[in-house]
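Notes for the one structure printed next.
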Amino acid sequence: MPLITEKVLVGQRALITGGNSGIGAAVARAMATAGAKVAINYVSNADAARVLVNEIRVAGGDALAVEADVSREDQVQEMFQSVIQTWGSLDILVANAGIQWDAPFTEMTLDQWDKVLAVNLTGQFLCAREAVQEFLRRGVVPEVSCAAGKIICMSSVHDIVPWAGHVNYAASKGGLLMFMKSVAQEVAHQKIRVNGISPGAIRTPINRAAWETPDAEADLLKLIPYERVGDPMDIGHAAVWLASDASDYVTGTTVYVDGGMTLYPGFREGG
Ligand code: NAD
């Protein structure tokens with residue numbers, strides 16, 4: 001996958017939650033390549049975060065690792081304070097951390113429901129609130145960006161595509177769609193842009209079972225008109241664009257990066 005190398009984020013500081021794995025790690029690499037300083041949040045696997053920080057520094061970028069569980073208010077607040085103290089402020093939040101904990105609906109426990117909503121939706125609220133407070137405190141710095149700040153909410157095609165067996169996950173992402181739009185509406189006049197990225201099937205640990213055997217991958221490809229599984233860097237590129245001034249007139253929108261998964265592929269021959 002070619003990497004866009006234009007330095008459109010020079011001078012900007014980005015925090016990426018769940019940045020030590022999969023899509024978050026690709027977003028961190030892409031934003032660092034575009035010139036941003038990147039803070040890589042992790043809740044587990046500190047080694048992966050450290051390795052990525054090192055990789056970015058060796059390539060000439062600036063990065064740090066910061067631990068926090070995004071569903072815990074105290075930890076989120078400490079994480080933002082630490083990044084802002086180190087770099088003076090923050091320009092970009094990529095609220096990416098997310099989990100799946102699947103079960104047939106009648107067997108789904110309250111714990112499974114609560115945990116997925118806590119990370120995937122409450123985590124977005126806690127992080128976005130801290131980011132908006134910092135963007136408002138600092139305001140627009142025209143040499144850095146047209147906007148006072150940018151938030152990218154990592155959603156899923158399942159914010160509009162129902163998903164049996166994953167009711168907690170789909171509900172969290174559906175909720176995130178309206179969360180993103182409502183915050184965007186509230187803060188647009190303060191020059192803060194809030195958008196979503198909804199990935200289709202991207203090759204990462206979260207959905208390993210869906211692509212790791214040839215049979216599973218063949219089944220998955222039936223859902224993807226573009227006939228390939230997504231690469232995490234497909235999302236990295238979209239995130240750089242949404243964070244850059246090239247998308248300055250874009251807010252409250254979701255970019256579906258899904259190889260056409262939301263095009264109802266069954267209707268190509270059916271219907
Ligand atoms: P992943 O499992 O590789 O990454 C998820 C990241 O979130 C990990 O770094 C994990 O440690 C972190 N995380 C989990 N709970 C956390 C918590 N409480 N606090 C902080 N971090 C936490 O999977 P991924 O595919 O890279 O997923 C990233 C995002 O993309 C998720 O929000 C996911 O829902 C979304 N997404 C992924 C796909 C896909 O096909 N891979 C499709 C649609 C949406």
Side-chain angles (χ1 to χ4, degrees), residues 15-30 38-53 65-80 93-102 114-128 130 152-161 163 166 168-177 179-180 196-212 216-217 220-221 223-224 228-236 238-239 254-259 261-262:
L15 169 61
I16 299 141
T17 66
N20 62 339
S21 176
I23 289 172
V27 171
R29 287 190 178 95
V38 291
I40 294 159
N41 156 255
Y42 65 95
V43 71
S44 59
N45 200 353
D47 278 352
R50 273 194 289 271
V51 167
L52 184 52
V53 165
V66 58
E67 184 176 4
D69 177 338
V70 297
S71 67
R72 293 277 308 274
E73 185 176 35
D74 53 344
Q75 295 186 24
V76 168
Q77 287 172 338
E78 274 173 40
M79 169 171 71
F80 274 79
L93 166 67
V94 185
N96 164 78
I99 56 168
Q100 278 180 228
W101 193 3
D102 309 327
D114 282 345
K115 179 77 181 157
V116 169
L117 269 288
V119 176
N120 294 10
L121 192 53
T122 306
Q124 296 264 344
F125 159 66
L126 292 172
C127 292
E130 295 304 310
I152 297 169
C153 301
M154 200 58 69
S155 186
S156 163
V157 290
H158 296 295
D159 59 9
I160 54 167
V161 177
W163 206 14
H166 310 257
N168 49 358
Y169 183 84
S172 73
K173 298 297 189 180
L176 178 55
L177 178 65
F179 169 83
M180 179 278 290
I197 296 178
S198 285
I202 311 296
R203 209 180 290 274
T204 75
I206 208 173
N207 60 354
R208 186 177 295 282
W211 50 260
E212 76 177 342
E217 183 163 346
L220 182 59
L221 288 175
L223 299 174
I224 309 173
R228 73 168 170 86
V229 177
D231 184 286
M233 199 47 80
D234 288 313
I235 309 301
T254 300
V255 180
Y256 288 85
V257 184
D258 67 351
M261 193 177 241
T262 42

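Note that ligands are numbered from 1 as they come in the structure, with each ligand's atoms numbered from 1 the same way. Note: hydrogens, waters and symmetry copies are ignored here, and every other heavy atom, side chains too, is used.
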* Residues two or more places apart in sequence or in another chain: which of them pass side chain to side chain contact (heavy atoms under 4.5 Å, CB included) with Val157? ->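 If we apply the side chain to side chain contact (heavy atoms under 4.5 Å, CB included) test to Val157, skipping adjacent residues, the hits are Val161, Tyr256, Asp258, Met261, Thr262.
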* Please identify each residue that fulfils side chain to side chain contact (heavy atoms under 4.5 Å, CB included) with Ile206, with sequence neighbours left out. =>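 Per chain and number, Ile206 pairs via side chain to side chain contact (heavy atoms under 4.5 Å, CB included) with Gln100, Thr204.
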Got the closest protein heavy atom to [atom], with its distance?
{"atom": "atom 9 (O) of ligand 1", "result": "Asn20 OD1, 2.7 Å"}
{"atom": "atom 19 (N) of ligand 1", "result": "Val70 N, 3.0 Å"}
{"atom": "atom 40 (O) of ligand 1", "result": "Ile202 N, 2.8 Å"}
{"atom": "atom 23 (O) of ligand 1", "result": "Ile206 CB, 3.3 Å"}
{"atom": "atom 16 (C) of ligand 1", "result": "Val43 CG1, 3.6 Å"}
{"atom": "atom 25 (O) of ligand 1", "result": "Thr204 OG1, 2.5 Å"}
{"atom": "atom 1 (P) of ligand 1", "result": "Ser21 OG, 3.6 Å"}
{"atom": "atom 43 (C) of ligand 1", "result": "Pro199 O, 3.3 Å"}

Could you tell me, atom by atom, which parts of ligand 1 come under 4.0 Å of a heavy atom of [X]?
{"X": "Gly98", "answer": "5 (C), 7 (O), 14 (C), 31 (C), 32 (O)"}
{"X": "Met154", "answer": "29 (C), 30 (O), 32 (O)"}
{"X": "Gly200", "answer": "38 (C), 39 (C), 40 (O), 42 (C), 43 (C)"}
{"X": "Gly18", "answer": "6 (C), 7 (O), 9 (O), 12 (C)"}
{"X": "Ser156", "answer": "43 (C), 44 (C)"}
{"X": "Asn41", "answer": "20 (C), 21 (N)"}
{"X": "Gly22", "answer": "3 (O), 26 (O)"}
{"X": "Asp69", "answer": "17 (C), 18 (N), 19 (N)"}

Is [X] near ligand 1, meaning one of its heavy atoms is under 4.0 Å from it?
{"X": "Tyr42", "value": "no"}
{"X": "Ile99", "value": "yes"}
{"X": "Ser198", "value": "no"}
{"X": "Lys173", "value": "yes"}
{"X": "Ala48", "value": "no"}
{"X": "Ala68", "value": "yes"}

Could you tell me whether [X] approaches ligand 1 through its side chain, its backbone, both or neither, with non-hydrogen atoms closer than 4.0 Å?
{"X": "Ile23", "value": "both"}
{"X": "Asn96", "value": "both"}
{"X": "Ala25", "value": "neither"}

State whether the side chain of [X] and the backbone N or O of [Y] hold a donor-acceptor pair below 3.5 Å, judged by distance alone.
{"X": "Asn168", "Y": "Trp101", "result": "yes"}
{"X": "Gln124", "Y": "Ala95", "result": "yes"}
{"X": "Ser71", "Y": "Val119", "result": "no"}
{"X": "Gln75", "Y": "Asp69", "result": "yes"}
{"X": "Lys173", "Y": "Met154", "result": "yes"}
{"X": "Asn96", "Y": "Cys153", "result": "no"}
{"X": "Asn20", "Y": "Asn45", "result": "yes"}

* Please determine if Asn207 has a nitrogen or oxygen closer than 3.5 Å to a nitrogen or oxygen of ligand 1. =>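 N/O-N/O distance below 3.5 Å exists for this pair.
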* Any protein heavy atom nearer than 4.0 Å to atom 28 (C) of ligand 1 ->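 Answer yes: something from the protein, a heavy atom, is under 4.0 Å.
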* Step by step, work out the side-chain contact (heavy atoms from CB on, under 4.5 Å) result for Leu15 and Met79. => CA-CA 10 Å; Leu15 169 61; Met79 169 171 71; 4.0 Å; yes
* To do: For the pair Asp234 and Arg228, find out whether any cationic side-chain nitrogen is under 4.0 Å from an anionic carboxylate oxygen.
  =>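 Counted as a salt bridge, because a side-chain N and a carboxylate O are separated by less than 4.0 Å.
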* Carboxylate-amine/guanidinium proximity below 4.0 Å for Arg203 and Glu217 ->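 Salt bridge present between Arg203 and Glu217.
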* Which atom of Ser172 lies closest to which atom of Val116, heavy atoms considered ->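 Looking at all heavy atoms of both residues, the shortest contact is OG-CG1, 4.1 Å.
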* Judged by modelled atom types alone, do Thr17 and Asn41 share a side-chain donor-acceptor pair under 3.5 Å? ->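 No, no side-chain donor-acceptor contact under 3.5 Å.
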* For the pair His158 and Trp163, name the ring-plane relationship: parallel under 30°, tilted 30 to 60°, perpendicular over 60°. =>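 Answer is parallel, since the angle falls under 30°.
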* Asked: Is any side-chain heavy atom of Val38 less than 4.5 Å from a side-chain heavy atom of Ile16?
  ->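 In contact.
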